[in-house]
Amino acid sequence: MTQNKFSNQDLAGIFQTIANLLEIKGEVIYKILAYRKAADSLRDYGGSVYDVWQEGNLTDIPGVGKAIAEKIDELYKTGHLEFLDKLSQEIPPSLTEMLEVPDLGPKKVALFWKELDITDLAGLEAAARKGELQNLPGMGAKSEAKVLAGIESLSRRTERTPLWKAWPVAEDLLGKIKQVPGVERAVAGGSLRRMRETVGDLDLLVAAENSSQVMDTFTSLPEVLRVTGKGKTKSSVEFNNGLRAQLWVHPPDRFGTALQYASGSKGHNVRLRELALKRGLSLSEHAFTRQDGSEILCADEEQVYEILGIPWIPPEAREDRGEVQAALDGVLPEFIELSDILSELHTHSTWSDGKVSILDMARAARDRGYKVIAVTDHSPSLGITQGLKIKDIRSQREEIAAAQEALGDSILILQGSEVEIKADGSLDYPDQVLAEFDIVFASLHVSLRQPREQVTQRMINAIQNPNVDVIGHPTGRLIPDREGADLDMEAVFAAATQSGVAMEISAHPERLDLNDIHARQAIEMGIPLSINTDAHSPGELDLMHFGVATARRGWVEARQVINTWEPEKLLSWLRNRG
DNA sequence: GCCGTTTTCGGCCCGACTGTTTTCAGTCG
């Protein structure tokens, strides 16, 4: 047994560093791409790479071949990697800091290092201020100024922006752009359209015959701090808050290929272009081009996939996680849709920290077309929420009955609970009390930083309690500020498979927990899922689409989600759980 | 360095924009 148990993330970081150093060294690009691809693949890998290593199956991981498998093996066996140690002596690792500066790539970084012996950001800034960069070959006064602007921009730069923050910003920008005369369509592409939990830059796409007025409007918006590029088809800006955006303008009859291209992911696009080549076509954002040079234009994105001979793949699933092959094989899942959701099972009322009464929440759920709502107020130990005391459970039941009577059979109201999984691993209500509720969520809110084994055992205790129906927002993470508990998800899912409990995908965009990768793993193990907003007010019921998007990113089908079941089926499932 | 229903060798997506270049290199997505 070794203690060099590098996580998937750790390994991805190591191979990313190798790729960067090799790039500065001037290694052939395809070797670098191979390391990058392996890094991405390891980072996204659903299971534990360590376990795969123990089973001797490393090369089953996409992008991992003989050479990289041997390096992972060395890392797990010895704790370090001789190849990287040697490379670091040759190329100072601090050089990679400079790659973070916008518009600086491996060639320039190598140039600064070799010509001026600059090895880190501080040295680069000093040299730029002294005017030493502009005399280098291929450099000039403008390029030097750009380096300084880039360093400054780096200090301002936000980390990836949470989806929930980027979403309204994009909506606002698109609203302004749509007002420009001649704009036929304006939509978000990129990771925003794919509904990744965080977004790097905003990618905006416009259909218009003439681009100049759109570009002028975009680059002169009041919130724009500086314009980093402006052309006929593409412009890029940086906003005051550090966020960056780029805008493409394409003619309406080419909008399909353009939107497909701008939506990514990069890996997905590479797959499609490979597929196009096999069909004797070259695919770009402008069109398909036949070998004789003639073009096939696509006004709509569906046509792009049609010409490639595969079904349209929803943006959420375009992460190069096997979706193109699945499409070719005809085994893409029937991705769940928002309209499949019939019930909201995790909400709060004034009986704990919710903002409105049970009647108001139920009415709001009914108005959104739901057939069932469960009110799941907190248990008492979570102090700040003023949880529901045991002596009040009966009174709450009476209020639910009154609300039910007021709303008739337009919606079914369930009395649920979000019971706390306490730090000692016990639940916050005794079993006979839990048995009274129609549906029980068990959630972690406290002592999330316990060691892996301890917090995992707490979770497993809750999963094994027959009164618990759903594990709420399993890891307890908050995006971007709080990491989730260090759960051993393999062990958690194994226990869930045994007990038949459902796992939640919290639709609340600060949670999205389970995440896409864990959701996919869960359904592959046959674990039912439940998507809920955890709404504390009626307006938050509208966050459901974020949860559905996360499920789609995890290849989840409607039948695997208990919220899509007709009330009779849901109630019968709950009854059978005891 | 990875990969394979045209390949175990020879490919590996393709174009926009900028700045430095008199025709292209570097960076980005």
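A, B, ... follow the sequence lines: proteins, then strands. Residue 1 opens every chain.
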Using OP1 and OP2 only, check whether a side-chain N or O of S282(A) sits under 4.0 Å from dC14(B). yes
Need one value for S235(A): base, sugar-phosphate or nothing, where a base atom within 4.0 Å counts as base even if backbone is also close, heavy atoms only. nothing
Charged N to carboxylate O under 4.0 angstrom, R520(A) versus E524(A)? yes
Just checking K37(A): base, sugar-phosphate only, or nothing, at a heavy-atom cut-off of under 4.0 Å? nothing
OP1, OP2 of dT20(B) versus side-chain N and O of S143(A): anything below 4.0 Å? yes
Euclidean distance for P, dC17(B) against dC12(B) (whole angstrom): 25 Å
Considering only the C1' atoms, how many Å lie between dT27(B) and dT20(B), rounded to the nearest integer? 14 Å
Only one of K37(A), R43(A), R36(A) passes salt bridge (charged side-chain N to carboxylate O under 4.0 Å, His left out) with D40(A), and that residue is R43(A)
Nearest to side-chain heavy atoms of L277(A), which nucleotide of dC2(B), dT18(B), dC14(B): dC14(B)
Matching residue for D320(A) among R271(A), K266(A), H268(A) - test: side chain to side chain donor-acceptor pair (under 3.5 Å): R271(A)
Atom P, compared across dT21(B) and dG15(B): separation rounded to whole Å: 27 Å
What nucleotide, of dC13(B), dG1(B), dT20(B), holds the atom closest to the side chain of Y35(A)? dG1(B)
Considering every strand and a 4.0 Å limit on heavy-atom distances, what is the contact class for L283(A): base, sugar-phosphate, or nothing? sugar-phosphate
Heavy atoms of other groups near Q134(A) CD, more than 12 under 6.0 Å: yes
Whole-Å gap separating P (dA16(B)) and CZ (R254(A)): 11 Å
Residue-level proximity of residues 18-32 of chain A to DNA chain B when a heavy atom falls under 4.0 Å: Y30(A), K31(A)
Whole Å only: how far is the CG atom of L58(A) from the P atom of dC2(B)? 11 Å
L275(A) CG to dC12(B) P, straight-line distance once rounded to whole Å: 15 Å
Would you call E238(A) and R244(A) a salt bridge, using N to O less than 4.0 angstrom? yes
Under a 3.5 Å limit on both distances, the Watson-Crick or wobble mate of dT8(B) is none
Over 60° means perpendicular and under 30° means parallel, so classify the ring planes of W167(A) and F546(A), tilted if in between. perpendicular
Once you round it to whole Å, what is the distance between C1' of dC3(B) and NZ of K278(A)? 10 Å
Where do A39(A) and F15(A) come nearest, in terms of heavy atoms and distance? CB-CB, 4.1 Å
Contact list please: residues 121-141 of chain A against DNA chain B, heavy atoms, distance less than 4.0 Å, in numerical order. G138(A), M139(A), G140(A), A141(A)
Suppose you measure atom P in dG19(B) against the same atom in dC13(B); what distance do you get, rounded to whole Å? 28 Å
Note: for K71(A) and L33(A) on DNA chain B, the residue whose nearest nucleotide lies more 5' is K71(A)
Minimal heavy-atom distance between S94(A) and T119(A), with the atoms involved, is OG-O, 2.7 Å
What's the NZ-C1' distance between K232(A) and dC17(B), to the nearest Å? 13 Å
Aromatic ring pairing F83(A)/Y35(A), orientation class (parallel under 30°, perpendicular over 60°, tilted between): parallel
Distance check needed: dC14(B) P versus E274(A) CD, whole Å only. 10 Å
dT6(B) and dG1(B), which share atom name C1', separated by this distance in whole Å: 23 Å
What pair of heavy atoms forms the shortest contact from K178(A) to A186(A), and how long is it? CE-O, 3.4 Å
For nucleotides 23-29 of chain B, give me one character per nucleotide, 5' to 3': B if any protein heavy atom sits under 4.0 Å from the base, S if the only such contacts are to the sugar-phosphate, - if neither. ---SSSB
The glycosidic conformation of dT6(B), counting syn as within 90° of 0 and anti otherwise, is anti
Atom-pair distance (CD on E144(A); P on dT20(B)), nearest Å: 10 Å
Ignoring hydrogens and geometry beyond distance, is a side-chain donor-acceptor pair present between D85(A) and Q89(A) at under 3.5 Å? no
Please state how far atom CZ in F218(A) lies from atom C1' in dC17(B), giving the value in whole angstrom units. 15 Å
Please determine whether a side-chain nitrogen or oxygen atom of H286(A) lies at a distance below 4.0 Å from atom OP1 or OP2 of dA16(B). yes
Is the shortest distance from a Lys or Arg side-chain nitrogen in E70(A) or K66(A) to a carboxylate oxygen in the other one below 4.0 Å? yes
Evaluate ring pair (Phe, Tyr, Trp, His ring centres under 6.0 Å) for Y50(A) paired with Y76(A), printing each intermediate quantity in order. CA-CA 8 Å; Y50(A) 182 80; Y76(A) 278 134; 5.0 Å; yes
